Amino acid sequence: MSKRGYISRYLLILRRLKSKSYTTYEELLSYMENQLDYLQMQDDRLSMGISKRTLQRDIHDIRNLFGIDIEYSKSPKGYFIQQTEAENMNFQRMMEAFDMFTSLNLAHDLKPYIHLETRRPQGTENLYGLLHAIKNRCVIRFTYHKFWEDDSSIRTVEPYALKEFRNRWYLMAKDKKDGYVKSFALDRLSLLEITISTFTYPPDFNVDNTYRYCFGIISPSDEEPQDIVLSFDPFQGKYINTLPLHSSQQVLINNDDEFRIKLRLCVTYDLVMELLSFGDNLKVIEPQSLADDIKTAHKKAYSQYQKA
DNA sequence: TGAACTGGTTATTGAGGTCA
DNA sequence: TGACCTCAATAACCAGTTCA
């Protein structure tokens, strides 16, 4: 049986256990037989079902390989997954990856119907090394190339955390050169070297607190957060309502004429860029300084289309 | 062709239930 | 309450099958 076969089984076992509190062997077997038929696996043996022994082995492998704690309870007679919130988030990501893997494998003859994004975030090959350095408090060195600079520079930093934003990964680290905590995009990072020197993790550093009032990964130096009131047209408002711009988002008005929200944020470059991307679907109500910045940017854009 | 996977068998283990 | 029983999970072992 191909590796695709047993990875698909792992996916189905996890999906079933995640969707139901307690699941017996029989329920798992029945579910998997139905699902494997549905998946139309190109493996005749899979379509014939799987044995209880294989299912036992799969559960054992999932525990060992993925560190997912599948437990068994005798009183309600069933398997279940117990996870913390952080573990659950990792689990969801893994399930997404599994789903994508399965879908793409099933779709090998469906090329005309599936169109993948050709742009790919780079730098994820360093994720494991960076995690190792963060966990073991190892100082790292790498070459970093800013988009707005021609030359690369060698950075020596104390890595604190990894953060994802808009399908890109960023390293939060203290630059040894000036002592500031900065974000480094992994796709601009190369020649990673994990040194043997270690550092002490600052007890007062907390990623969530640091970026609590940030839209993206740009952290303001000393700027205080402020209330930002935005007015969207009702159509755009539906998107903003279902996918909030920030965790601080509060809906002020939601009617046929307007969708108005309030955010508690620091005004950073990435926030301004985001607001500009909404074009004429958005009007900044407060603060006036931000409204002026957006107005100036739109005026400048407009001027580019006027005849000289 | 060797390695890996799978299914069947069987012994062990442990939780839950029963009973004296 | 402790001894015993039952039942189902677990894991080791082996042989057949499939894969790379």
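In the text below, chain A, chain B and the rest are named by the order of the sequence lines, each starting its count at 1. The structure presented is a predicted model; accordingly, all values stated were derived computationally and were not measured. Every heavy atom of this structure was used, including side-chain atoms; hydrogens, water molecules and symmetry mates were not.
Taking for each of Lys52(A) and Arg57(A) the nucleotide of DNA chain C with the nearest heavy atom, the 5'-most of the two is the partner of Lys52(A).
Put simply, Tyr79(A) has a side-chain N or O that comes within less than 4.0 Å of OP1 or OP2 on dT10(C).
Here the C1' atom of nucleotide dA8(C) and the CG atom of Leu55(A) are 14 Å apart, to the nearest Å. Atom CG of Asp61(A) and atom P of dT10(C) are 13 Å apart (whole Å). If you take CD1 of Ile59(A) and C1' of dA11(C), they are 13 Å apart, rounded to a whole angstrom. Residue Tyr72(A) contributes atom OH, which lies 4 Å from atom P of dA9(C) at whole-angstrom precision. With rounding to whole Å, His60(A) atom NE2 is found 15 Å from dT13(B) atom C1'. Per the geometry, CD1 belonging to Ile70(A) stands 12 Å off P belonging to dA11(C), to the nearest Å. Put simply, CG on Leu17(A) is 13 Å from P on dA9(C), counting in whole angstrom units. Straight-line distance from the CD1 atom of Ile62(A) to the P atom of dT10(C): 12 Å, rounded to whole Å.
Between Phe80(A) and Tyr72(A), a ring centre-to-centre spacing not shorter than 6.0 Å is recorded. Annotation: Phe235(A) is not in aromatic contact with Phe259(A) [ring centroid separation under 6.0 Å not met].
Ring geometry for Phe165(A) versus Tyr170(A): interplanar angle of 30 to 60°, hence tilted.
Between the side chains of Gln304(A) and Tyr302(A), no donor-acceptor pair is found at a separation under 3.5 Å.
Closest to the side chain of Gln56(A), from the set dT10(C), dA9(C), dA11(C), is dT10(C).
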